[in-house]
> 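I am attaching a structure below and will ask some questions about it afterwards.
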Amino acid sequence: VGVMYHLVGLMAQEREVGMSDLVESMMPNIRRWEPQLARLIAHHLAFTIAYGPSWIVMGIVFKAGLFKYTSAGVVVIFFILAGLAITSFSIFGAAFFRKAQLSGISTVVFALILGIAAQITSKYMNSGTVVILGLLFNPMTFVFLLIFISRWEKNRMAANLVNTPPESTWPVQGIVLLLFLILQIFLYPLFAVYVERWLYGVASRRPRRRVSWDDGQNN
């Protein structure tokens, strides 16, 4: 969760000091959501480059130490997608904070609570509950996938993403959970755009910049 703590705190601090407004004001797009989305994508790319190698290392460590039967490619791809999705989740979480104080730690605690809740209650869930929660909340998706692979490993079998593992209480395929991670990578930043515009757009106390165009032919 290091990327979450770092990214949420940075974005909230930029909003607090007015840096996010300054960055957007330097881009004269008529559609004002374009510079906003570009700023969020830039954050995502910067933290992906910074934290990406650690996601690969984590996948290798999990493969060597825990998931001895599952393909290394499956485990590494899982951790890369999980890292990209948690970065997008962090951007969405940062959209709710106007000030940097406690923003990062609050988001981390919320994510940990979701992950712990998924771990404790997974044995009592049905497939519908797992699908809904896995689609909505990235920390739960991560835990569900760990449980999915662990059930295969418990029986000394390589994880099969298109089949249900032995002794599973919810018959959700691993490929479905991986698809949820891919969707979250793209959907969370879009949700962040709407949340930011709702909380800090026209209703914001700060005066918003208006763009006007001149074709240069006026006298």
> If you measure from CZ on Arg151 to CD on Glu167, what distance do you get to the nearest 0.5 Å?
8.5 Å
> Do you know the tightest heavy-atom contact between Ala111 and Pro139?
O-CB, 3.5 Å
> Distance-only criterion, 3.5 Å: show the donor-acceptor pairs between side-chain atoms of residues 2-10 and protein atoms not counting sequence neighbours.
unit_1: His6; atom_1: ND1; unit_2: Tyr51; atom_2: OH; d: 3.3

> Minimum heavy-atom separation for Phe148 and Pro165, please, with both atom names.
CE1-CD, 3.3 Å
> Could you tell me which residues satisfy side-chain hydrogen bond (donor to acceptor under 3.5 Å, both in side chains) with Lys99, sequence neighbours excluded, listed by chain and number?
none
> Distance-only check: which donor-acceptor pairs under 3.5 Å involve side-chain atoms of residues 181-190, not counting sequence neighbours?
unit_1: Gln184; atom_1: OE1; unit_2: Asn138; atom_2: ND2; d: 2.9
unit_1: Gln184; atom_1: NE2; unit_2: Gly134; atom_2: O; d: 2.8
unit_1: Gln184; atom_1: NE2; unit_2: Leu135; atom_2: O; d: 3.3
unit_1: Gln184; atom_1: NE2; unit_2: Thr141; atom_2: OG1; d: 3.1
unit_1: Tyr188; atom_1: OH; unit_2: Leu136; atom_2: O; d: 2.5
unit_1: Tyr188; atom_1: OH; unit_2: Asn138; atom_2: N; d: 3.2

> Distance from Phe110 atom CZ to Ile105 atom CD1, nearest 0.5 Å?
14.5 Å
> What distance separates Phe96 CZ from Ser106 OG, expressed to the nearest 0.5 Å?
13.0 Å
> For residues 69-86, which side-chain N or O atoms pair as donor and acceptor with protein atoms under 3.5 Å away, sequence neighbours left out?
unit_1: Thr70; atom_1: OG1; unit_2: Glu153; atom_2: OE2; d: 2.6
unit_1: Thr70; atom_1: OG1; unit_2: Ala159; atom_2: N; d: 3.2
unit_1: Ser71; atom_1: OG; unit_2: Gly73; atom_2: N; d: 3.2

> Taking the side chain as C-beta and beyond, is there a heavy-atom pair between Phe191 and Ile91 under 4.5 Å?
no
> Check whether any side-chain heavy atom of Met11 sits under 4.5 Å from a side-chain heavy atom of Arg39, and report yes or no.
yes
> Check for me whether the distance between the ring centres of Phe67 and Trp152 falls short of 6.0 Å.
no
> Could you tell me whether Glu196 and Arg15 make a salt bridge, using a distance below 4.0 angstrom between a side-chain N and a carboxylate O?
yes
> Can you tell me how far the CG atom of Leu199 sits from the OH atom of Tyr194, to the nearest 0.5 Å?
14.5 Å
> With heavy-atom distances below 4.5 Å as the criterion, would you say the side chains of Trp170 and Lys123 are in contact?
no
> Rounded at 0.5 Å granularity, tell me how far OG in Ser168 sits from CD1 in Ile147.
9.5 Å
> So if you build clusters from Ile, Leu, Val, Met, Phe, Trp, Tyr with side-chain heavy-atom gaps below 4.5 Å, do Leu114 and Ile116 land together?
no
> If you compare all heavy atoms of Val193 against all heavy atoms of Gln36, which two are closest, and at what distance to 0.1 Å?
O-NE2, 3.1 Å
> When you compare the side chain of Lys68 with that of Arg156, does any pair of heavy atoms fall below 4.5 Å?
no
> With sequence neighbours left out, write down each residue that passes side-chain hydrogen bond (donor to acceptor under 3.5 Å, both in side chains) with Ser127, or none if nothing qualifies.
none
> Output the rest of the hydrophobic cluster of Val61: all Ile, Leu, Val, Met, Phe, Trp and Tyr residues reachable through side-chain heavy-atom contacts under 4.5 Å, sorted by chain and number.
Val57
> Please find the pair of heavy atoms, one from Pro53 and one from Ala50, that lie closest to each other, and give the distance.
CD-O, 3.9 Å
> Output the distance between atom CG (Leu146) and atom CG (Leu177), rounded to the nearest 0.5 Å.
10.5 Å
